[in-house]
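So the structure is just underneath, and the comments pick up after that.
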Amino acid sequence: MTPGGQSVIPEQVLWSLESPKNTFRVDLLNQIPGLRRFLLSDWWPKGIWWPMMLIFIPVTVMGLIGPQTREANVALNLFWAWWWPFYLLLFPVVGRLWCAVCPFMIVGEWARTVSLWIWPRQLLPWPTKWLNKWGAWLLWAGFVAIYLWEKLWDLPHRAYLSAWLLLVITAGAVICSVIYERRLWCRHLCPIGGMNGMFAKLAMLELRSTPQVCGTQCQTFGCYRGSDETPVNFPDALPTEGQATGGCPLYSHPAQLPDNRDCMFCMTCVKACPNRSGQLNLRFPAADIWEGHRGFWAEIALLLLLFGGVFMHHSEEILTRLGWSGLAIDSEHLAIALPVVSLILSIPLILTYTAHKIACFFDSEMPEYQTVIYAYLPLVLAGNLAHYLPSAMTEAGQILSVTARTFGLSGEGLPTLTWSLEVAQFLQGVTLLLILGFSIFPLLKITGRPLLKIMPHLILMVVIVVAWYGLLI
């Protein structure tokens with residue numbers, strides 16, 4: 001079993017050895033009583049679908065027909081004061097788990113079921129080669145369109161436009177679901193899903209499997225391609241293990257996942273496995289981006305876009321400080337607004353690429369730009385979270401009174417739970433300072449260079465945090 005000319009047995013032969021990827025991992029399925037039973041039950045994730053839709057449908061309808069102000073429409077309150085900030089908080093813990101209960105894809109799954117009942121047929125396979133080449137770029141273009149729509153048409157203060165945004169994304173999920181098998185939209189084309197997959201690399205949880213078990217005991221590969229119910233042979237097995245499934249909705253195999261990007265914790269693989277190979281691991285945050293991570297340009301473009309989005313959200317303050325406060329950044333002045341917003345969105349590309357060129361000038365062994373840029377991913381998440389914190393602190397707790405006003409009631413006397421703007425600003429500052437300290441470690445791990453050699457990037461991170469502090473606070 002040893003290659004010719006070598007006298008050292010390859011590590012792959014010694015299956016009892018732990019892979020470096022399993023360093024500092026704790027399998028929560030073995031540590032938390034009842035967690036495996038819950039995740040194998042019908043409660044997860046489909047048990048969450050109905051409550052999710054009981055919120056999504058009326059909120060979307062009220063966005064279209066209800067009052068259009070932020071103070072009197074529950075759609076605006078839920079979408080901008082609840083969903084965005086608390087959704088961003090999920091990523092460092094549970095990655096793209098939201099995709100398992102996403103209302104856009106729930107509608108897509110239901111539409112597929114109804115369409116197959118009306119017209120039984122074989123759904124089309126994915127055009128994988130084309131999607132791998134162009135899908136992520138289409139996703140990026142979709143997010144660019146969302147950003148421009150949000151900024152130039154003021155979506156956070158126009159309920160019907162926010163509702164239409166939800167409907168457009170839902171339409172994409174429905175169209176792909178009735179044509180193609182599984183969840184092509186979620187993996188390759190959904191702008192929100194692309195952001196989820198990228199930020200999921202920062203999560204403290206990962207779903208993986210035991211390669212030795214998959215390689216020696218698995219004969220069905222039901223976790224990937226789907227299978228009928230499979231007999232389970234170990235003594236302490238649960239009756240819900242080895243379930244019949246249609247395979248991973250995102251066409252991922254847990255033994256071959258390089259990172260969290262294409263896993264949404266739906267637990268289909270864990271339900272299907274008759275060998276208990278699946279692991280829900282607790283690990284160091286952001287482990288994906290320094291453990292042999294390989295990025296690609298379309299995802300880097302999305303990272304830089306979300307990076308620039310923090311600046312875009314505060315473009316008025318930037319223009320005022322530059323002495324251009326008279327520029328109109330709205331849909332009625334597109335000839336001026338589009339190039340200005342595009343330039344503001346390009347700020348991170350200009351800054352990070354310049355810093356990298358300076359670092360390479362003094363250090364010829366500095367890794368390439370498309371590797372180092374991922375060190376900024378925690379900072380990008382923190383900047384976006386800091387932007388939405390004031391809404392969460394000052395508006396989210398008014399949900400009951402806002403709901404009442406949505407239906408024409410006064411809302412007076414209903415309980416509220418809000419904090420002052422000063423508290424929100426304090427939390428914004430704490431968020432930015434904490435993430436600056438945390439970002440040093442990923443930067444060191446990704447580059448593999450001494451602290452002095454990465455100083456251009458470190459100085460830029462400090463400058464960005466100081467700039468955001470001035471803009472946001």
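All values below were derived from every heavy atom in this structure, side-chain atoms included, with hydrogens, water molecules and symmetry-related copies excluded. Sequence positions, counted from 1, serve as the residue numbers for this chain.
Looking at Leu202, Ile435, Leu89 one by one, the single match for side-chain contact (heavy atoms from CB on, under 4.5 Å) with Leu381 turns out to be Leu202.
Checking Arg208 against Asn260 by side-chain atom types alone, a donor-acceptor pair falls below 3.5 Å. Defined by atom type and a distance below 3.5 Å, a donor-acceptor pair is present between the side-chain atoms of Lys151 and Ser315. Trp80 and Ser162 form a side-chain donor-acceptor contact under 3.5 Å, judged by distance and modelled atom types alone. Side-chain atoms of Asp154 and His157 include a donor-acceptor pair closer than 3.5 Å.
Using a 4.0 Å cut-off between a side-chain N of Lys or Arg and a carboxylate O of Asp or Glu, Asp259 and Arg294 do not qualify as a salt bridge. Taking a cutoff of 4.0 Å between a charged side-chain nitrogen and a carboxylate oxygen, Arg25 and Glu206 qualify as a salt bridge. The pair Arg183-Glu109 meets the salt-bridge criterion, since a charged nitrogen lies less than 4.0 angstrom from a carboxylate oxygen. The residues Glu299 and Arg261 are annotated as salt-bridged, a charged nitrogen and a carboxylate oxygen being separated by less than 4.0 angstrom.
Taking the side chain as every heavy atom from C-beta outward, Val372 and Leu443 approach each other to under 4.5 Å.
No side-chain donor-acceptor contact under 3.5 Å links Gln217 to the backbone of Cys214. No donor-acceptor pair under 3.5 Å is formed between the side chain of Thr240 and the backbone N or O of Ser41.
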Requested in this report: Check step by step if side-chain hydrogen bond (donor to acceptor under 3.5 Å, both in side chains) holds for Gln279 and Asp27.
Outcome: CA-CA 6 Å; Gln279 303 172 352; Asp27 186 0; 5.3 Å; no
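Checked against ring-ring contact (aromatic ring centres under 6.0 Å, His included), Tyr251 has the following partners two or more places apart in sequence or in another chain: Trp126, Tyr224.
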